[in-house]
Structure formats: C-alpha cells, structure tokens
Protein chains: 2
Amino acid sequence: MSRDRDLTRVGAALAAPARAVFVNLLLDGTARPAGELGRAAGVRASTASEHLGVLVDAGLVTCEKRGRHRYYALAGPDVASAVEALGSVADSLPVTSLRRSREAHRLGAARFCYDHLAGRLAVALVDAWTDGGWLRDRDALALTDTGAAGFRELGVDVDGAVRTRRPTTRVCLDWTERRLHLSGALGAAVASRFVEAGWVTRHASGRGVAVTSAGRDLLQGAWGIAA
Amino acid sequence: MSRDRDLTRVGAALAAPARAVFVNLLLDGTARPAGELGRAAGVRASTASEHLGVLVDAGLVTCEKRGRHRYYALAGPDVASAVEALGSVADSLPVTSLRRSREAHRLGAARFCYDHLAGRLAVALVDAWTDGGWLRDRDALALTDTGAAGFRELGVDVDGAVRTRRPTTRVCLDWTERRLHLSGALGAAVASRFVEAGWVTRHASGRGVAVTSAGRDLLQGAWGIAA
DNA sequence: CAGACGTTTCGGCGTGCGCCGCACGATTCC
DNA sequence: GGAATCGTGCGGCGCACGCCGAAACGTCTG
C-alpha cells in the first residue's frame with residue numbers, strides 16, 4: 001500500500017543531519033529565514049535551500065515570503081508533536097556523548113516545545129495543577145471550572161483558547177521526562193502568558209527557557225515548585 | 001547538539017521503502033518472522049535481515065529468537081504512536097494514486113493501531129462513550145465511574161488496565177480521521193475484548209478489521225452506531 | 001540606476017546505501 | 001547422521017542524494 005510511500009517521504013525528510021538541525025531549531029515555533037538556518041547547520045546557502053525544499057515537499061515546514069527573506073516555520077502543532085514523539089523513542093537509545101547529556105540536562109529543565117512549555121518545569125506544573133483541581137486526570141488532562149477560573153486569574157486567555165478550532169487541552173509526551181505535559185490551545189495560551197508576564201524568558205535562540213526571579217516567586221508561592 | 005543525530009537515525013530508519021513496509025505491518029502489534037516480512041516487502045531475505053538490523057539499532061523494533069525463527073515486533077506503544085503521528089502529517093499530502101485512496105478508505109473504516117482500535121469506528125465509539133458519560137472531555141479522554149462500570153459490564157478487564165504501569169487512557173491522533181481516539185491500557189483492553197467477544201474480526205494479515213453481525217447489533221443497539 | 005544582499009537553480013563530484021547472490025551458522029525434521 | 005529451512009554476514013554493483021561553487025533572480029538601499 002502506498003501509505004508506506006508517504007512514511008518514507010517524511011522519514012527521509014528527517015534523515016539528513018542538516019534537516020534534523022533545521023527541524024529542531026524550528027521546534028520552538030519560530031519562523032526563521034533560510035540563511036540563518038543554513039548557518040546554524042553549517043552548510044552553504046544553496047544546500048540549505050535544497051533541504052528546505054525537501055522539508056516543504058514533505059509537508060513538515062511552510063514557507064512565507066516577506067520582502068527579500070523567506071521565513072520557514074514548522075507546518076503545525078501536529079508536526080511538532082510527531083517530531084517530539086520521534087525524539088522520545090530516539091531518546092531511549094544509549095547516550096553517545098557527554099556534550100549531549102549536558103545539553104539534554106539544560107533543555108530538560110525547561111524549554112519550549114513548539115508553542116507550549118516542556119521539560120521538568122512543565123511536568124511539575126501539570127502535577128501541581130492536577131493536585132490543585134485545575135486539571136483532571138494526570139493521564140488525560142482536561143480543564144475544570146476551578147482551573148478555568150484559576151488560569152483566568154493568572155491572566156491566561158482561557159476563553160480565546162477555548163474558542164479556537166484547536167483542541168483546548170492536549171497531552172504531549174516529554175522526550176526527557178517520559179511524562180505527559182500540557183499542550184493544545186490552553187498549553188499555548190499558558191506559555192505565552194508566562195512569557196508576557198516575565199515569569200520565564202526564552203533563550204535568545206533555540207528552545208531553552210530560563211525562570212526569572214519573579215517566576216520563581218510565583219512558582220514557589222502558588223504551587224510550591226522550587227525552580 | 002547531538003539530539004539531531006538521534007533524530008536522523010530514527011528518521012533514516014523509516015526512510016527506506018522496505019523498512020516502511022515492515023513498520024506498517026508491525027503497527028498492528030504482532031510479532032513476525034524475518035522471512036515473512038521480507039516476502040511482504042518484496043526483497044530478498046538477506047536484504048530484509050539488514051533492514052531489520054537497522055530498525056533494531058534505531059530502537060524501533062525488537063527481536064526475539066524462538067527456535068529457528070526470529071520474531072520482530074515494534075519496540076512499544078510509544079513507537080507505534082510516534083509512527084502514527086508521522087503518518088498523520090504524511091496523510092495531509094496530496095493523494096498520489098487511486099489504489100492508495102481505496103486502500104485508505106478500507107483501513108479508514110476500522111483498523112488496529114498497534115493494540116487498540118482506530119479509524120472511523122474508533123472515533124464513533126469515542127463520541128458515543130463521551131456522550132454517554134463513560135469518558136470525560138472529547139479532547140482529553142478520562143475514564144469516569146460510570147464508564148468503568150459500563151466497560152466492566154461489557155466484559156472489558158478494566159481493573160487489569162488500571163493496574164498496569166501504562167497510562168489508563170491515552171489519546172491517539174487518527175491519520176485518516178484527524179480526530180482523537182482511545183489508546184492506552186484501556187484502549188488495548190477494549191480492543192482485545194472486542195476481538196475476544198467476536199464483535200470484530202481481524203483481517204488475516206494486516207491491520208484491517210471487520211465488524212461481525214453480532215458486533216453490528218451491539219454497536220447499533222447500545223450506541224446507535226451504524227457500521 | 002547601480003550595487004548589495006538573500007535566495008534559488010543548475011551542474012558536477014563523491015559518498016552512502018539499498019539491492020542482490022552466494023556462503024556460512026543455527027535449528028528442526030527424517 | 002544428512003537434508004531442509006530460517007536467518008545472518010560479506011563482496012559488489014548502481015543509483016540516489018548531500019555537498020559545493022557559479023550563475024541567475026528578486027528585493028531593498030543609496
């Protein structure tokens with residue numbers, strides 16, 4: 001059957017080192033010009049262009065022209081979660097280098113996964129919100145009335161998140177913690193509020209996230225999380 | 001960072017047509033000998049052997065020796081869901097052939113996804129169970145007390161499903177319907193009960209599933225589903 | 001309008017890998 | 001024991017693809 005064909009196309013799209021770098025960079029949900037991506041992966045502009053063409057053909061990445069730049073971004077949240085899921089199985093492989101484990105540890109603390117928070121911070125938040133009755137069922141996160149009120153009080157645009165066509169809550173498997181964390185429209189709304197309120201700051205480039213002192217106070221005070 | 005390296009390894013593992021056939025065949029959760037897989041993919045035994053070695057190295061597939069056979073199977077449920085997620089993005093690509101759309105339609109009605117039901121049947125069941133109060137929240141399925149009682153009455157081993165380390169409920173994105181269906185330990189328990197009770201029968205080889213007349217009666221009578 | 005910059009397209013080169021046939025080890029059956 | 005079957009390892013062949021440099025296109029700037 002020819003579904004295999006499609007699977008090979010998507011698999012092959014991820015098979016080249018340069019393309020894997022691209023996808024990992026775009027996992028934070030940003031859109032970046034071709035040149036920057038190529039420089040990050042250590043290949044010439046022409047090579048980067050070809051690779052990006054492959055990713056677009058495979059449906060993993062979209063391209064938007066703006067002026068003389070072309071901004072590339074992941075095609076959507078489901079692409080991000082598919083890549084994360086793939087990374088999750090890849091992560092069970094034996095560790096290959098020390099750098100990797102250091103890097104993994106740093107990102108494992110807190111990071112962006114496309115448009116929501118991931119890592120130990122995200123897992124701790126889910127635990128706190130479940131214990132506090134904001135979310136139901138640790139395995140299948142659903143928003144409660146208490147939670148809607150609580151998030152609203154934090155300044156999260158709960159109503160906007162509910163209105164979109166996208167599922168309100170969604171679970172995403174963490175490739176470092178091998179635990180579930182909050183994704184979906186609500187996950188995105190929470191994450192953007194955390195950034196907007198200055199509780200966390202995104203690392204200049206990449207997916208890393210640092211908790212600010214204001215954020216530390218909130219986490220400790222509201223939910224007893226030591227970050 | 002060298003997580004890219006792992007991603008390429010998993011991606012490359014899926015990049016070869018023969019290996020994609022293997023993985024798709026194993027998506028139904030069965031373990032199959034190397035020879036059978038090779039024949040199905042239309043390659044020689046030696047080629048199949050090499051491919052299976054690659055899949056094992058990539059952590060996607062496990063190998064178990066039994067007698068003079070070696071049985072290969074998917075490494076676990078998370079591999080299955082990762083592959084399904086990947087198939088889901090692949091599915092949004094333009095249709096390439098008529099055969100594909102026919103095949104897709106047949107599998108789209110009802111099929112096995114590793115160890116649980118998928119396809120239009122599974123989506124309809126989730127709708128019915130949510131409407132009936134057996135599961136909470138269409139986006140983030142969680143088992144209610146009513147649901148536990150109901151499934152128990154159907155003969156589903158609910159208690160066994162809850163006891164395992166595996167999450168009781170889990171959602172899985174359908175690559176045909178682009179809707180969520182029930183996965184996790186409960187999803188597996190339900191599926192095995194459906195087969196055991198003779199409500200559905202699995203196609204001799206592959207993931208296809210046919211609803212029996214007894215199954216049709218149950219679906220229509222209990223939940224008003226026309227199958 | 002020329003010039004700079006970002007990006008894509010096009011040959012061309014080299015490596016990697018998917019395929020095979022054949023040979024060999026392991027296991028089962030007679 | 002020998003024969004048959006299942007599986008793996010090893011050369012070898014050929015294509016596909018990742019990489020580059022050079023050239024062309026489009027866009028912004030002076």
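We name chains A, B, ... by the order of the sequence lines, and we start the count at 1 in each one. Just so you know, these numbers use all the heavy atoms, side chains as well, and skip hydrogens, waters and symmetry mates.
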Between A:Arg68 and B:Glu50, just flag the one whose closest nucleotide in DNA chain D comes earlier from the 5' side. B:Glu50
From the list B:Leu186, B:Leu141, B:Val158, side chain to side chain contact (heavy atoms under 4.5 Å, CB included) partner of B:Thr168 resolves to B:Leu186
Heavy-atom nearest nucleotide on DNA chain D for A:Lys65 versus A:Ala12: which residue maps closer to 5'? A:Ala12
Distance test, side-chain N/O of A:Thr47 to OP1/OP2 of D:dC20, below 4.0 Å: yes
Between A:Arg70 and C:dG6, is there a side-chain N or O to OP1/OP2 distance below 4.0 Å? no
Tell me whether the side-chain N or O atoms of B:Ser46 pair up with the base of C:dG21 as donor and acceptor below 3.5 Å, since no angle test is needed here. yes
Would you mind reading off the distance between A:Phe22 atom CZ and D:dC19 atom C1', rounded to a whole angstrom? 12 Å
N/O (side chain, B:His69) to phosphate O (OP1/OP2, C:dT27) under 4.0 Å: no
Would you say the side-chain atoms of A:Thr30 and A:Arg32 include a donor-acceptor pair closer than 3.5 Å? yes
Without decimals, in angstroms, what is the distance between A:Asp57 CG and D:dC17 P? 12 Å
Taking CZ from B:Arg32 and P from D:dG7, how many angstroms apart are they, rounded to a whole number? 14 Å
Between C1' of C:dC5 and CD of A:Glu36, the distance in whole Å: 16 Å
In whole angstroms, how far is the C1' atom of C:dT7 from the CD atom of A:Glu64? 16 Å
If you look at every strand shown and take non-hydrogen atoms under 4.0 Å, does B:Tyr71 touch a base, only sugar-phosphate, or nothing? nothing
Reckon A:Arg39 touches a base, only the sugar-phosphate, or nothing at all at heavy-atom distances under 4.0 Å? nothing
Hey, is A:Arg39 close enough to A:Glu36 for a salt bridge, meaning N to O under 4.0 Å? no
Under 4.0 angstrom, heavy atoms only, what part of the nucleic acid is B:Arg66 near: base, sugar-phosphate, or nothing? nothing
Taking all non-hydrogen atoms of both residues, which atom of A:Leu26 and which atom of A:Tyr114 are closest, and how far apart? O-CD1, 4.5 Å
From the candidates C:dT7, D:dT8, D:dG18, the one with an atom nearest any side-chain atom of B:Ala45 is D:dT8
Is any side-chain N or O of B:Arg44 closer than 4.0 Å to OP1 or OP2 of C:dG21? yes
Touch check for A:Ala34, heavy atoms < 4.0 angstrom, all strands: base, sugar-phosphate only, or nothing? sugar-phosphate
Identify the heavy atoms of B:Ala75 and B:Thr62 that sit nearest to each other, and give their distance. CA-CG2, 3.8 Å
